[in-house]
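Atoms within a ligand are numbered from 1 in the order they appear, just like the ligands themselves. Computation of the quantities below employed the complete heavy-atom set of this structure, encompassing side-chain atoms and omitting hydrogens, waters and symmetry-equivalent molecules.
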Amino acid sequence: MFEHDALGVAQQVSTGSLPPPPIVQRIVDEAHARYTGLGEGTVADYIPELAEADPAAFGLSVVGADGALHEAGETGIAFSIQSISKAFVFALVCDEIGHAAVHERVGVNNTGLPFNSLIAMELNDGSPMNPMVNAGAIATTALIPAASSDERWERVRQGLSRFAARELTVDEVVYRSETATNHRNRAIGKLLQSYGRLDPDPLETVDVYTRQCALSVTAHDLAVMGATLADGGVNPITGEQVVSSEVCRDTLTVLASCGMYERSGEWLFEIGLPAKSGVSGGVVAISPGKGGIGAYSPLLDAAGNSVRGQRVCAHLSRSLGLNLFASARGGASGSEESHE
Ligand code: GLU
């Protein structure tokens with residue numbers, strides 16, 4: 001493990017800023033219009049209630065680190081956050097117990113296998129591997145310090161609400177639908193227990209995890225939550241320091257390698273931003289120092305990533321100059337120049 005905080009030098013950051021608001025709004029409108037007619041993909045149905053989603057629903061929201069809001073389409077439609085919750089629970093746990101403890105208990109390497117794999121754990125001595133697959137997410141939820149599962153759940157709900165700048169509540173229909181069918185996640189909980197990787201009761205922990213996945217959000221909420229991770233942990237709407245800037249850095253690092261299921265490498269190659277998606281069709285992408293993107297469209301590709309969500313993020317990444325790996329000769333900023 002690298003002792004990157006023990007180097008004895010102060011952490012400097014270098015990020016840049018979004019183009020002026022009218023330019024961002026124009027590009028958000030363009031991105032939304034360009035992919036509205038795209039009907040590729042299928043709505044998830046392994047959680048029965050998710051199959052009821054409207055395939056045409058499509059919202060796109062960008063919230064700057066300064067709180068500036070740019071939206072197009074149906075940004076107020078509520079959907080269950082699903083796997084996107086994993087990113088924010090991971091941040092809360094890192095903030096509570098520290099980077100090193102989470103690294104040791106959960107891990108930060110991609111499995112290359114589907115999000116609900118049991119084999120990944122078996123092949124790696126019971127390691128949950130990373131906090132963005134179900135095993136790692138259940139192990140991470142278990143690390144929220146609490147005396148009972150009820151208290152743990154309330155801390156998760158309140159923590160995610162602080163990222164969203166509003167009180168989040170559970171979609172009870174989705175929660176009941178997943179609870180009736182989540183046999184595999186319960187098996188993952190038991191397997192974690194058998195490897196000594198879970199201290200609280202495994203089924204109660206899976207229940208907290210299922211509730212966190214059923215929290216109801218909008219594309220707008222995801223953009224605010226992403227903007228908080230982009231803003232050194234300060235929510236740009238409330239001004240509250242939700243987690244530390246070091247925790248944001250750690251969370252975005254894990255999202256870059258593990259956030260988009262087994263397509264995380266391809267996503268980073270094409271789009272160059274840390275991001276997390278969920279099977280209900282949400283995507284959050286984060287541009288450090290600049291802002292958060294929230295997208296919702298329930299049509300998914302085979303890996304479980306929203307098809308329209310990926311396309312609009314690619315469009316915004318290029319047009320707004322967000323790709324973390326892009327540079328220009330002499331340090332020129334292509335994004336602002338090309339939009340003036
Ligand atoms: N609650 C879902 C599950 O555990 C989340 C899946 C996802 O969004 O990847 O199966």
Side-chain angles (χ1 to χ4, degrees), residues 41-53 78-90 106 110-121 128-142 153 156-157 160 168 170-192 198 202-217 219 221-222 225 254-255 258-264 267 275-285 294-307 309-310:
T42 48
V43 172
D45 60 2
Y46 80 99
I47 298 171
E49 186 58 26
L50 296 186
E52 302 302 316
F79 55 94
S80 53
I81 189 169
Q82 296 300 337
S83 264
I84 298 171
S85 65
K86 295 168 177 171
F88 298 96
V89 174
F90 174 71
V106 183
N110 201 320
T111 65
L113 290 164
F115 68 97
N116 56 1
S117 173
L118 289 118
I119 292 178
M121 251 192 297
M129 294 303 288
N130 74 69
M132 300 303 138
V133 292
N134 287 8
I138 292 164
T140 303
T141 295
W153 157 240
V156 166
R157 193 192 66 76
L160 265 62
L168 299 180
V170 163
D171 180 329
E172 292 291 339
V173 178
V174 170
Y175 166 66
R176 282 198 295 275
S177 183
E178 183 162 0
T179 298
T181 52
N182 66 351
H183 312 296
R184 196 175 178 90
N185 285 342
R186 284 186 246 169
I188 289 173
K190 287 285 195 180
L191 193 58
L192 284 167
L198 205 63
L203 297 185
E204 286 185 19
T205 307
V206 170
D207 183 60
V208 174
Y209 164 79
T210 308
R211 283 177 199 270
Q212 86 184 37
C213 288
L215 281 169
S216 188
V217 293
D221 292 330
L222 292 184
M225 296 172 88
V254 174
L255 293 189
C258 309
M260 300 300 279
Y261 302 111
E262 58 274 32
R263 300 254 167 97
S264 298
W267 164 278
K276 184 73 199 90
S277 64
V279 289
S280 49
V283 180
V284 63
Y296 173 62
S297 167
L299 292 170
L300 310 179
D301 69 11
N305 294 316
S306 168
V307 176
Q310 293 177 82

Number the atoms of ligand 1 from 1 as they appear, then name those within less than 4.0 Å of a heavy atom of [X], with their elements.
X: Gly278; answer: 8 (O)
X: Tyr46; answer: 2 (C), 3 (C), 5 (C), 6 (C), 10 (O)
X: Tyr261; answer: 7 (C), 8 (O), 9 (O)
X: Asn134; answer: 3 (C), 4 (O), 10 (O)

Side chain or backbone of [X] under 4.0 Å from ligand 1, or both, or neither, by non-hydrogen atoms?
X: Glu178; value: side chain
X: Ile84; value: neither
X: Cys213; value: side chain

How are the rings of Phe79 and Tyr296 set to each other: parallel, tilted or perpendicular (split at 30° and 60°)?
parallel

Filtering Ile138, Asn182, Val279 for the heavy atom nearest atom 8 (O) of ligand 1 leaves Val279

Separation between [atom1] of [X] and [atom2] of [Y], rounded to the nearest 0.5 Å:
X: Leu118; Y: Leu191; atom1: CG; atom2: CG; result: 6.0 Å
X: Ile188; Y: Arg186; atom1: CD1; atom2: CZ; result: 12.0 Å
X: Ser80; Y: Glu178; atom1: OG; atom2: CD; result: 8.0 Å

Of all residues at least two apart in sequence or in a different chain, which pass the side chain to side chain contact (heavy atoms under 4.5 Å, CB included) check with Ala285?
Trp267, Leu273, Ala275, Ile293, Cys313

For atom 2 (C) of ligand 1, which protein heavy atom lies nearest, and how many Å away is it?
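Here the nearest protein heavy atom works out to Gln82 OE1, 3.1 Å.
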
Starting from atom 7 (C) of ligand 1, what is the nearest protein heavy atom, named by residue and atom, and what distance separates them?
Ser83 OG, 2.7 Å

Reference residue Tyr209; test side chain to side chain donor-acceptor pair (under 3.5 Å); the match among Thr141, Asn182, Asn134:
Asn134

Is the closest side-chain heavy-atom distance between Tyr261 and Val279 below 4.5 Å?
yes

